[in-house]
There are 2 protein chains.
Amino acid sequence: MKDHEKEFLAQYRPEDFPRPSVAVDVVVLTVQDGKLRVLLVARKEHPFKGKWALPGGFLRVGKSSRDQGEDLDAAAARELEEETGLSPSQVFVEQLAAFGRANRDPRMRVVTIAYFALVRPDLLALVRPGGDASRVKWTAVDEALDPKNDHERLAFDHADIVRAARARVIERLETSPIAKNLVPEPFTIPELRATFETVSGKKLDRGNFRRKFAQLVERGVVERAPGKRATASKPAAVYRFRDATR
Amino acid sequence: MKDHEKEFLAQYRPEDFPRPSVAVDVVVLTVQDGKLRVLLVARKEHPFKGKWALPGGFLRVGKSSRDQGEDLDAAAARELEEETGLSPSQVFVEQLAAFGRANRDPRMRVVTIAYFALVRPDLLALVRPGGDASRVKWTAVDEALDPKNDHERLAFDHADIVRAARARVIERLETSPIAKNLVPEPFTIPELRATFETVSGKKLDRGNFRRKFAQLVERGVVERAPGKRATASKPAAVYRFRDATR
DNA sequence: TAAATAGTGTCTATAAGACATTATCTC
DNA sequence: GAGATAATGTCTTATAGACACTATTTA
């Protein structure tokens, strides 16, 4: 029985069927200057040469059935690190969805597995774009998706992917503590509220937000940090997410 | 400029890089006999010959850059139709996620795009399994995932995929009207409640459930249907989801 | 002291949980 | 009439929205 399987595998020829290419693209998001921003890379080659695109690349696949190459998550982490110098331990990364419309790439059939990553604003200083920095920029998501920016349209179907990522983050913001990965460490309540507002695009009541926040403290998701944040007016108390929280 | 791109595309050799295979698998779910059930197919060939697996197959990719083959959604719809005879117009289908761990298939690197589909129980009679019916069965999800059923373990990483599908459906049950695709048409309030209970695995209070349901009627999501459902005791009023609802 | 913003309190409307009561059918 | 379950009502508690008020800093 088991021998039959071995024999079968030995004779199997994957080359007999045409196969698509598989890529991994990462929507790297942060909040800066009161805007949700996405990391874009200028394409060096055709197709869409010179256009802005998401960082990404082809999945590395081994050549034998033994060595089958890197996992999808590893590929996403690798692309992120190559393009930003940030390791997955510092950054929240999660799979978004697969995008595989025929003709989304004029070269050939490409199915891309899209991921999104959240970079805390206080880590932005550590970002070292791989290659030359002029090729990389943080663009406001609203701008990147603005249909009036016709001359700066994103390459491929990357606008769709960014839209999906934003929708996913907004959804998760209310049901999970991913906000941790979008506020500086430590942070003040008004800062956290501002982050929610810029990501969701909605104004939030100060008092009501504090009340919700108080629940997070009670549940031990978040805790006071020493010191205060100096501002132009009354300084604010600072907090931090407790470990083992995402 | 544009000419450069044409030239580039003409010279591009996708064959130069090793590529994974891309498959599409579908978690077809329904509720029957008070259980959430998944459609499984016995594998005819190695690997995992004779084991139960999700219906699925390889993505059809065209041979030229012009004809790039079918969309992912189309491939999922095709697999569904081949295995059940049901068309996507009768069934709710949505992408779940990509699963692409190295070595999840011993033959070669395979990345699968998993979908889930919901089949209304009153459509089960229409299901005509492609090929011989003995190869297909509706298994209770709890059973398929029971670690004690060691001898009947699902092929590949399909247990992971089924788990993810169930989690997604439970999540969506509360935030969208997908329940429409899991109750017969028309249905009674107790039937709908039972469906929620079997999918989520939680008991729900009758009175409170009715109150929630009343909101759906007010919002026009659902409406009274003529007649009543005869039961062993007091008959229940029947309802139906209004069109353009998913 | 004025301006600014952090932080608190309160009133109301809505929704959720628990559970008791009534209504209508079959046998 | 008994048993079963559909259908309704009620009491309590928790949560969300709107908004007024107090506190503490800088300039």
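In what follows, chains are A, B, ... by sequence order, proteins preceding strands, each numbered from 1.
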TODO: Treat primed atoms plus P, OP1 and OP2 as sugar-phosphate and everything else as base, then score nucleotides 3-10 of chain D 5' to 3': B for base contact with protein heavy atoms under 4.0 Å, S for sugar-phosphate contact only, - for none.
DONE: -BBBBBBB
- [ ] Before giving the answer on side-chain hydrogen bond (donor to acceptor under 3.5 Å, both in side chains), spell out for Arg211(B) and Gln215(B) the whole-Å C-alpha distance, their side-chain angles and the decisive distance to 0.1 Å.
- [x] CA-CA 7 Å; Arg211(B) 192 169 49 196; Gln215(B) 296 177 354; over 6 Å; no
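Taking atom NZ of Lys202(A) as the reference point, atom P of dA16(D) lies 13 Å away to the nearest angstrom. In this structure, CD of Glu218(A) is placed 12 Å from P of dA14(D), rounded to the nearest angstrom. Protein atom CD of Gln215(B) is 9 Å distant from nucleotide atom C1' of dT14(C), rounded to whole Å. At whole-Å resolution of the value, NZ in Lys212(A) and C1' in dA14(D) are 11 Å apart. The distance between atom CZ of Arg229(A) and atom C1' of dA4(C), rounded to the nearest whole Å, is 18 Å. If you take CG of Leu204(B) and C1' of dA18(C), they are 14 Å apart, rounded to a whole angstrom. Taking atom CD on Glu191(A) and atom P on dG7(C), their separation rounds to 11 Å, with Å as the unit.
For the pair Glu223(B) (side chain) and Tyr239(B) (backbone), a donor-acceptor distance under 3.5 Å is absent.
Considering every non-hydrogen atom in both Arg240(A) and Pro226(A), the closest pair reads NH1-CD, 3.9 Å.
Between Phe156(B) and His158(B), the two ring planes are tilted [angle within 30° to 60°].
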Identify all side-chain donor-acceptor contacts of residues 114-121 of chain A below 3.5 Å with residues at least two apart in sequence or on another chain.
residue: Tyr115(A); atom: OH; partner: Asp73(A); partner atom: N; Å: 3.3
residue: Tyr115(A); atom: OH; partner: Asp73(A); partner atom: OD1; Å: 2.5
residue: Arg120(A); atom: NE; partner: Asp122(A); partner atom: OD1; Å: 3.0
residue: Arg120(A); atom: NH2; partner: Asp122(A); partner atom: OD2; Å: 2.9

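Every residue two or more places apart in sequence or in another chain that forms a ring pair (Phe, Tyr, Trp, His ring centres under 6.0 Å) with Phe187(B) is listed here: Phe241(B).
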